[in-house]
Amino acid sequence: MRIILLIDMDYFFAACEERRKPEIKGKPVIVGFDPKGGTGRGVVSTCNYEARKFGIHSAMPISSAYRLKPDAIFLPIDYKFYEKVSEEVMSLVKTFSSKYEQVSVDEMYLDISDKVNSYDEALLYAKKIKDEINNKLKLPCSVGVSANKLLAKMACEAAKPNGIRLVKPEEAKTFLKNMPVGKLHGVGKVTEEKLKSLGYNTIGDIQKTDPERLALHFRSSGQDIYNSANGVDESEVLEYSEVKSISRERTFDEDTAEKTKIEEKLKEISKEVFEELKEKDFYFKTVTVKIRYSDFTEHLKSRSLLHPTNNLDQIINTAIKLWEQSTEDKRKIRKLGVRVSTLSKRKGQKTIFGP
Ligand code: TTP
Ligand code: MG
Ligand code: MG
């Protein structure tokens, strides 16, 4: 049996602000664009639960938030700071299981199947993590506990704020059935509207339908929607890789200093690296080129990208750039190598069902 946790920080950006400005705690706090006395453009990024009592929420125009609570504390967005705090959270949570998957700035899945033997133990484990985040980092969070990612995520939503919620697989259908379809994790706005127009208003309506009918309207996503509505989700927690790097090397038939030959070879090697990357479903952040000259001296050059990617052109272009940086060197080249490292498994998309 699998046991999965989803940990999501409560009112994250606003909680970060409360941590560094304890004097604003207990008051309604809104992080977002400048309301400029009610005439400001832009939206609310998030707000604490005191502000939510007034009907304020993420993505609402900041001018509306101002109308609802003009004397709330309005703060600008400080991404750098929240990212730093996010890293603190992630590195603490990772110590509880090496099988983890970060899914946004403030949430991550943990597979704790081999850490606990029952749901009772899982609840204790979840409490330990939650308490540690609270005590060490002074931040509130909520935790969903269940047998798969989908249910853990939805259990966490139900636990908010500052709670822990367990949904056992046998309770899943009852837990989900009265929720509106828009609440089903992975259902975006377009799918929600289409489901409603077909007469599905609650998740329970989908549970009772014939999956063939969903397939007719949503093609391959139909079965996924049906499974989700029934609390079924087989997807794995995509853990960070133990594999350190992927690399390939090639020797020239005849040593060369010719630009076109070298670029051609770098492309070939990059393609081989890419094949393995794709096969293993990894993303990389660093590209390294190794050059061995005909006198057997070696030259290594690396470059790190801003974001993880799994794109072939990025490997080729970076490899060629790295080689170009050493082209003053006119010695003939005997062997070339390309390596990608800082590997991870990352799935960025939030909405999993297309229209
Ligand atoms: P969420 O986890 O969705 O929301 P939250 O942490 O503010 O509140 P809670 O989980 O308790 O319901 O988003 C995490 C952060 O992402 C949030 O603090 C701010 C940012 N964010 C936006 O900037 N705009 C948005 O529309 C949303 C939903 C979030
Ligand atoms: Mg959150
Ligand atoms: Mg979140």
Side-chain angles (χ1 to χ4, degrees), residues 4-21 24-35 40-65 68-69 72-90 92-93 100-110 126 129-130 133-134 137-146 149-165 179 182-189 192 237 346-352:
I4 311 289
L5 306 184
L6 185 276
I7 300 160
D8 186 290
M9 306 306 291
D10 293 339
Y11 62 98
F12 184 55
F13 291 3
C16 294
E17 295 292 352
E18 284 184 3
R19 190 179 86 170
R20 67 172 166 184
K21 300 189 185 82
I24 64 175
K25 247 191 138 137
K27 298 176 186 163
V29 175
I30 299 164
V31 177
F33 284 76
D34 186 347
R41 290 165 154 270
V43 294
V44 172
S45 190
T46 194
C47 58
N48 64 4
Y49 282 76
E50 283 82 355
R52 291 184 198 194
K53 284 184 206 147
F54 297 92
I56 299 164
H57 57 82
S58 290
M60 164 186 271
I62 197 80
S63 54
S64 311
L68 288 166
K69 192 67 184 151
I73 293 169
F74 288 87
L75 297 171
I77 310 163
D78 182 353
Y79 287 111
K80 264 216 174 110
F81 176 54
Y82 313 140
E83 266 173 9
K84 206 191 115 264
V85 180
S86 169
E87 276 167 26
E88 289 173 24
V89 174
M90 299 306 154
L92 178 62
V93 174
Y100 66 90
E101 178 186 353
Q102 182 176 348
V103 276
S104 90
V105 68
D106 82 330
E107 62 193 270
M108 77 195 306
Y109 290 103
L110 277 195
I129 300 175
K130 185 174 173 337
I133 294 175
N134 197 241
L137 304 178
K138 308 289 172 220
L139 293 166
C141 69
S142 299
V143 189
V145 184
S146 194
K149 286 163 78 175
L150 169 95
L151 289 172
K153 169 74 186 171
M154 297 191 63
C156 180
E157 289 301 316
K160 278 190 172 291
N162 199 28
I164 298 175
R165 174 77 193 255
M179 296 184 192
K183 285 260 176 204
L184 188 59
H185 184 50
V187 167
K189 267 271 160 268
E192 179 187 354
V237 172
R346 212 190 73 149
K347 196 173 74 177
Q349 65 200 83
K350 254 196 158 173
T351 302
I352 51 175

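Every number for a ligand or one of its atoms is a count from 1 in the order of the listing.
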So is there a nitrogen or oxygen of Val105 less than 3.5 Å from a nitrogen or oxygen in ligand 1? no

Within the 4.0 Å heavy-atom shell around Arg52, which atoms of ligand 1 are there? 5 (P), 7 (O), 8 (O), 9 (P), 11 (O), 12 (O)

Counting heavy atoms not belonging to Lys21, are there more than 12 under 6.0 Å from its NZ? yes

Polar contact flag, side-chain donor to acceptor under 3.5 angstrom, Lys130-Asn162: yes

Close side-chain approach of Phe12 to Val105, heavy-atom, < 4.5 Å: yes

For the atom pair CD1 (Ile30) and OG (Ser58), what is the distance rounded to the nearest 0.5 Å? 11.0 Å

Using a 4.0 Å cutoff against the non-hydrogen atoms of Phe12, which atoms of ligand 1 qualify? 5 (P), 6 (O), 7 (O), 18 (O)

Should Lys183 and Glu157 count as an ion pair when the cut-off is N to O under 4.0 Å? no

Salt bridge flag under 4.0 Å for residues Lys189 and Glu192: yes

How many protein atoms of type N/O/S are positioned less than 2.8 Å from the Mg ion (ligand 2)? 3

Contact atoms of ligand 1, heavy-atom distance to Asp8 under 4.0 Å: 2 (O), 10 (O)

Of the listed options (Ser104, Ser45, Pro140, Cys156), which comes nearest to atom 23 (O) of ligand 1 when hydrogens are ignored and any heavy atom counts? Ser45

Min side-chain heavy-atom separation Ser142-Asp10 under 4.5 Å: yes

Apply salt bridge (Lys or Arg N to Asp or Glu O under 4.0 Å) to Lys80 and list each qualifying residue two or more places apart in sequence or on a separate chain. none

With heavy-atom distances below 4.0 Å as the criterion, list the atoms of ligand 1 near Tyr49. 9 (P), 11 (O), 12 (O)

Out of all atoms in ligand 1, which are within 4.0 Å of some heavy atom of Ser58? Include the element for each. 25 (C), 26 (O), 27 (C), 28 (C)

Within-4.5 Å side-chain heavy-atom neighbours: Tyr49 and Lys160: yes

Indicate the ring-plane relationship of Phe13 and Tyr82, choosing parallel, tilted or perpendicular according to the 30° and 60° boundaries. parallel

From the options Tyr11, Phe13, Tyr82, select the one whose nearest heavy atom is closest to atom 9 (P) of ligand 1. Tyr11

Applying a heavy-atom cut-off of 4.0 Å, say which part of Lys160 lies close to ligand 1: side chain, backbone, both or neither. side chain

